Amino acid sequence: MSIQQSDVLYTAVATAENGRDGRVSTEDGKLDVVVNPPKEMGGSGEGTNPEQLFAAGYSACFQGALGVVARQEGADISGSTVTAEVGIGKNAEGFGITVRISAKIPKVSAATARELIEKAHQVCPYSKATRGNITVDLAVA
């Protein structure tokens, strides 16, 4: 479900120059990075790439959602980590991405960890944005 513009609390603004082989920066200057295609895709691999940036954002967002769910459930997720693996490859329309989210939650059982990440997947804004558009696999690390 989308939100109304009047409900937006924060808007990030980033500008790319020269696409996948250039630079990306935010208007506040807090992020300013060179982007290059990875060697696996014929690039130099010297800079970061959109998939790494997406993985960083998704893992941070998912960790936040996990925290919300854990507080609601009374679960201790201290020491937990969330890793996002973003793959890119060819499909019928050109290119597509896949995501694998794995969470390590050392202070709960594997069954509880699985329940928490399933619930976090329902809450996380990145998960909501990608639902039905790309494959997202969830795993307990």
Side-chain angles (χ1 to χ4, degrees), residues 1-5 7-141:
M1 172 181 262
S2 61
I3 62 173
Q4 299 297 316
Q5 187 62 36
D7 294 326
V8 171
L9 301 174
Y10 169 75
T11 300
V13 178
T15 302
E17 300 171 23
N18 208 32
R20 288 183 160 273
D21 207 1
R23 131 193 234 128
V24 176
S25 61
T26 55
E27 75 175 352
D28 63 6
K30 292 183 179 179
L31 178 71
D32 190 345
V33 296
V34 171
V35 289
N36 300 116
K39 289 181 179 181
E40 296 84 350
M41 294 179 66
S44 70
E46 292 180 14
T48 189
N49 59 65
E51 291 71 39
Q52 288 176 327
L53 295 170
F54 187 69
Y58 202 159
S59 63
C61 188
F62 200 95
Q63 179 77 44
L66 184 62
V68 168
V69 169
R71 282 189 294 282
Q72 292 171 346
E73 300 289 322
D76 182 0
I77 65 160
S78 58
S80 66
T81 59
V82 173
T83 300
E85 299 173 50
V86 176
I88 184 169
K90 291 184 178 182
N91 64 16
E93 292 84 35
F95 284 88
I97 62 171
T98 63
V99 175
R100 181 174 192 269
I101 299 284
S102 60
K104 185 183 294 185
I105 312 172
K107 296 190 177 180
V108 301
S109 69
T112 298
R114 183 71 192 183
E115 288 177 28
L116 292 171
I117 65 171
E118 290 285 348
K119 289 179 180 179
H121 189 48
Q122 298 307 309
V123 174
C124 176
Y126 275 56
S127 292
K128 289 179 183 181
T130 59
R131 189 165 291 118
N133 297 309
I134 64 172
T135 300
V136 178
D137 292 319
L138 303 175
V140 175

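Nothing here was measured: the structure is a model prediction, and the numbers come from that model. Excluded from the calculations below are hydrogen atoms, water molecules and symmetry mates; all remaining heavy atoms, backbone and side chain alike, are included.
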Ser44 and Lys39 side chains, donor-acceptor separation under 3.5 Å: no

So, for Asp76 and Val108, which heavy atoms are closest and what is the spacing to 0.1 Å? O-CG1, 3.6 Å

Whether the Ser80 and Gln63 side chains hold a donor-acceptor pair (N or O, under 3.5 Å, no angle test) is what I'd like checked. yes

Hey, does Thr130 have a side-chain heavy atom less than 4.5 Å from the side chain of Val99? no

Spacing of CD1 belonging to Ile101 relative to CG belonging to Leu66, to within rounding of 0.5 Å: 10.5 Å

Exam field: side chain Arg100 to backbone Thr83, donor-acceptor pair closer than 3.5 Å: no

Within the side chain of Arg114, is there an N or O that forms a donor-acceptor pair under 3.5 Å with the backbone of Ala110? no

Please examine the side chains of Thr26 and Val13, heavy atoms only from C-beta on, and report whether any two atoms are closer than 4.5 Å. no

Rounded to the nearest 0.5 Å, how far does CD of Glu118 lie from CG of Leu138? 5.0 Å

Assign the ring pair Phe54 / Tyr58 to parallel, tilted or perpendicular, where the plane angle (0 to 90°) is split at 30° and 60°. perpendicular

Within a strict 4.5 Å, meaning less than it, do heavy atoms of the Arg23 and Asp32 side chains meet? yes

State whether the side chain of Arg131 and the backbone N or O of His121 hold a donor-acceptor pair below 3.5 Å, judged by distance alone. yes

Given 3.5 Å as the limit, does a donor-acceptor pair link the side chain of Thr135 with the main chain of Thr98, or not? no

Are there more than 12 heavy atoms of other residues, nucleotides or ligands under 6.0 Å from atom CD of Gln5? no

Are the side chain of Asn133 and the backbone of Ala129 linked by a donor-acceptor contact shorter than 3.5 Å? yes

Do Ser59 side-chain atoms and Ala55 backbone N/O form a donor-acceptor pair below 3.5 Å? yes

Does Val69 reach the side chain of Val123, with side-chain heavy atoms less than 4.5 Å apart? yes

